[in-house]
S.K.: 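One structure follows; several queries about it will come next.
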Amino acid sequence: MATETVAKPRTSVRVGVQKFGTFLSGMIMPNIGAFIAWGLITALFIEKGWIPVPVLGGFGTDAEGVKNLGLVDPMVKYLLPLLIAYTGGKMVHGVRGGVVGAIGTMGVIVGAGIPMFIGAMIMGPLGGWTMKKLDALWDGKIRPGFEMLVNNFSAGIWGALLALLGLFAISPVVKVFTDSATAVIQFLINNSLLPLTSIFIEPAKVLFLNNAINHGVMTPLGIQQSLEEGKSILFLLEANPGPGLGILLAYMFFGRGAARASAPGAAIIHFFGGIHEIYFPYVLMKPILILAAIGGGMAGIATLTITNAGLVAPAAPGSIIAVLAQTARDSYLGVILAVIIATAVSFLIASVILRASKNKGEDDLSAATSRMEAMKGKKSSVSSALVGDRAGEPAGSQPGTVLTRPVQNIVFACDAGMGSSAMGASVLRNKIKAAGFPDVKVTNSAIANLNDNYDVVVTHQDLTERAQPRTSSAVHYSVDNFMNSPKYEEIVELVRSSNSTTPAASAQPAAAAAATHGAHAAEPAPAVDGQAAGGKGVLLRESVVLNGTATDRDAAIDEAGKLLLDRGAVDVSYVHAMHEREESVSTYMGSFLAIPHGTNDAKEHINHSAVSIIRYPEGIDWGGKQVKFVVGVAGVNNEHLHILSSIAKIFTNKAQVAQLEEATTVDEVLELFRKVNA
């Protein structure tokens, strides 16, 4: 199977800045709705707004002479920074990291007295990262029943310390940086030098470095300027759709072939949809066209400077609709002129370049789109408008994603993330290791905990639609069972072709660790007939039954659940959740094996990790499949994963399955697992 990939090691400075910018963007973009809400309230209700309302805009006094607080100031000083901090902390260490990051940010906010967006971008991830490190210190060492106490107090104590750190140490530093950056911007404006920023901004956009500039610096400084002056030019330095529109118009008139044919549709997506990356391939086809983008950007910024125009809040995405919606009341003429003039200048320069060129883009659009996706590190959401939907897509995968990077992180996802997915991950992990790629990380996760940092996502065919929106940049594979799906060979071949020029040893551990956040790591310490972290064995003699009495699926689930109940591992609600899980997606794994377990929401009904094994020599019907072995699973943290890995190893080996079928004592079953673990 041939798969188009770009397998060069991606370790350049550009890639590092890209990743940093993507992380910054990841904190801002989920909260753009809040920025828009604040922008609309500001534009409408402040003293210079369309509908001045003192109690909403925060000006004037009430009947008792007390200054109106309004919505504008509290939202920009508290709501927006805390949302950013929470999002940043959550990206690093889930909800727990988000909460601690937000607590720490409160100290920065109070210490500075100004909108602390940069402070939030520091404290949010810092809080999440430090909390993650602290949690690792006592992971698996807390006595059962004390987890909530330790978790809550550790987060509270550390959050309080971070708030003090933010108040006395971080806020003064960030305030100095903010004041200095503001002074630099003001110097550029006062000396009519601001248009020169296009020399850096426009090439950065095409190289996907714009997020580090736009969301890391321009948005925080723009918010500060908007709060003081009611608008900011900084919001439109990068978001102006004019430069890109001019280039696309030039291709409409003077291009040829596929470039000319696709330019009108691309122009609509760019100008009205606000997806600027759609014009990047047109520049990459003829890199000298970056001069047109720079010229248009400079002309637009010069127009904004002359007319003293600006936006009240960020325009994201960079659609003309979003730009006009966030335009200050006194700036419509200047903003519209800036877009028109930027378009005209970009169009004129691009037209001259295209007319003077022998190659006007007849046949290079597909290659340029591939180069763009290689630089971005994933498939562009709009590339299908240029070159179609399925070019270069791995066979057997779900439509919509092209892999443009080596495979480093694969995740198996199921509803709860502790049974089916754990075993599937173990099977594929062994296959990929055998293929010579031991550093490719194969983990498992609940769908609710997925993020978009994985290269390949494997799900049961009934769960794929739930997983795809959370991992849109990954290649998706749907399987009907997790034990012996033929899709595994396709995934191994994808790894082999994608990583063929990238040695396995070059995989980046830090990136892999970040991508597996929220997923279960591979294979913790063994717990076969031994002790788990809580002092209770995961698989004990009394949990193995060689001759089950159930005659159908539901009765077998009850029988497996009763063994867990008898050990005090779960309560009866968990057994009910095992049936609920089976109704939504079958836990049949293949090779005569089923592993019923509860839903993700039922984890609170687990007292400690345990596994039960029941053999049905005559077999029972499991949704149309014959099952001879039923493994009931209840897992806290990762304590049960090693035994599931052992089960996976056994059931992918026909000889060992035969040994299980022929076993006459429980000791033979336990001994088989010990041999596999060894």
Side-chain angles (χ1 to χ4, degrees), residues 27-28 30-89 98-124 127 159-160 162-164 166-168 170-172 174-179 182 218-235 310-316 325-331:
M27 286 189 276
I28 296 290
N31 299 305
I32 284 296
F35 280 89
I36 292 174
W38 174 78
L40 292 175
I41 291 172
T42 301
L44 289 172
F45 303 126
I46 62 173
E47 193 168 5
K48 297 179 181 179
W50 289 98
I51 312 171
V53 178
V55 71
L56 298 177
F59 61 93
T61 59
D62 60 18
E64 299 177 356
V66 178
K67 185 181 184 302
N68 288 312
L69 181 61
L71 289 174
V72 175
D73 193 62
M75 286 181 72
V76 76
K77 282 188 177 179
Y78 300 103
L79 175 65
L80 298 180
L82 290 175
L83 284 174
I84 292 171
Y86 176 81
T87 304
V99 171
V100 173
I103 297 171
T105 300
M106 195 65 197
V108 180
I109 293 172
V110 173
I114 62 173
M116 270 287 100
F117 295 96
I118 294 177
M121 290 180 176
I122 295 172
M123 292 302 295
L162 284 179
L164 295 176
L167 178 63
F168 295 110
I170 304 296
S171 64
V174 175
K175 192 172 188 306
V176 169
F177 172 80
T178 303
D179 292 343
T182 302
M218 295 301 179
T219 292
L221 295 179
I223 290 286
Q224 178 65 27
Q225 188 179 48
S226 178
L227 191 64
E228 296 172 355
E229 303 178 14
K231 60 187 175 184
S232 175
I233 190 176
L234 302 181
F235 294 133
L311 308 185
V312 296
Q326 300 292 10
T327 298
R329 181 178 179 181
D330 61 354
S331 297

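This is a predicted model, so every value here is computed, not measured.
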S.K.: Could you tell me which non-hydrogen atom of A85 sits nearest to which non-hydrogen atom of A102, and how far apart they are?
M.R.: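 Scanning both residues, the minimum pair turns out to be CB-CA, 4.1 Å.
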S.K.: Under 3.5 Å, which donor-acceptor pairs do the side chains of residues 50-66 form with other protein atoms, sequence neighbours left out?
M.R.:
| residue | atom | partner | partner atom | Å |
| --- | --- | --- | --- | --- |
| D62 | OD1 | E64 | N | 2.9 |
| D62 | OD1 | G65 | N | 3.0 |
| D62 | OD1 | V66 | N | 2.8 |

S.K.: Determine whether I103 and L162 make a side-chain contact, defined as any pair of heavy atoms from C-beta on separated by less than 4.5 Å.
M.R.: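 Contact flag for I103/L162 side chains = no.
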S.K.: Is the distance between the ring centroids of F35 and F117 under 6.0 Å?
M.R.: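 Yes, they do, as the ring centres are separated by less than 6.0 Å.
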S.K.: Only counting residues at least two apart or in another chain, list the ones meeting side-chain hydrogen bond (donor to acceptor under 3.5 Å, both in side chains) with S232.
M.R.: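 Only Q225 meet the side-chain hydrogen bond (donor to acceptor under 3.5 Å, both in side chains) criterion with S232.
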S.K.: Please enumerate all residues that pass side-chain hydrogen bond (donor to acceptor under 3.5 Å, both in side chains) together with D73, with sequence neighbours excluded.
M.R.: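 In terms of side-chain hydrogen bond (donor to acceptor under 3.5 Å, both in side chains), with neighbours along the sequence ignored, D73 is linked to no residue.
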S.K.: Working to the nearest 0.5 Å, report the span between OG of S171 and CE of M123.
M.R.: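 It comes to 9.5 Å.
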S.K.: How many angstroms lie between atom CG of L167 and atom CD1 of I109, to the nearest 0.5 angstrom?
M.R.: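 The CG atom of L167 sits 11.5 Å away from the CD1 atom of I109.
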S.K.: A side-chain contact here means heavy atoms from C-beta on lying under 4.5 Å apart; do I84 and T105 qualify?
M.R.: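 With C-beta onward as the side chain, the pair stays apart.
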S.K.: Look up atom CD1 in I170 and atom CD1 in I122, then write down how far apart they are to the nearest 0.5 Å.
M.R.: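 One finds 6.5 Å between CD1 of I170 and CD1 of I122.
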S.K.: If you look only at distance, which donor and acceptor atoms sit under 3.5 Å apart when one is on a side chain in residues 36-45 and the other is two or more places apart or in another chain?
M.R.:
| residue | atom | partner | partner atom | Å |
| --- | --- | --- | --- | --- |
| W38 | NE1 | V72 | O | 3.0 |
| T42 | OG1 | W38 | O | 2.7 |

S.K.: For P81 and A120, work out which heavy atoms get closest and say how close.
M.R.: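 Looks like O-CB, 3.3 Å.
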S.K.: Holding to side-chain hydrogen bond (donor to acceptor under 3.5 Å, both in side chains), I want the full list of residues that pass it with T327, two or more places apart in sequence or in another chain.
M.R.: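 Residues passing side-chain hydrogen bond (donor to acceptor under 3.5 Å, both in side chains) with T327: none at all.
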S.K.: Which residues pass the side-chain hydrogen bond (donor to acceptor under 3.5 Å, both in side chains) test with N68, sequence neighbours left out?
M.R.: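 Testing N68 for side-chain hydrogen bond (donor to acceptor under 3.5 Å, both in side chains), a comparison that skips the adjacent residues, returns none.
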S.K.: For V100 versus G159, what's the shortest heavy-atom pair and its separation?
M.R.: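 Shortest heavy-atom separation between V100 and G159 comes out as CG1-CA, 4.2 Å.
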S.K.: Nearest 0.5 Å, what's the CD1-OG distance between I46 and S226?
M.R.: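 One gets 7.5 Å once the value is rounded to the nearest 0.5 Å.
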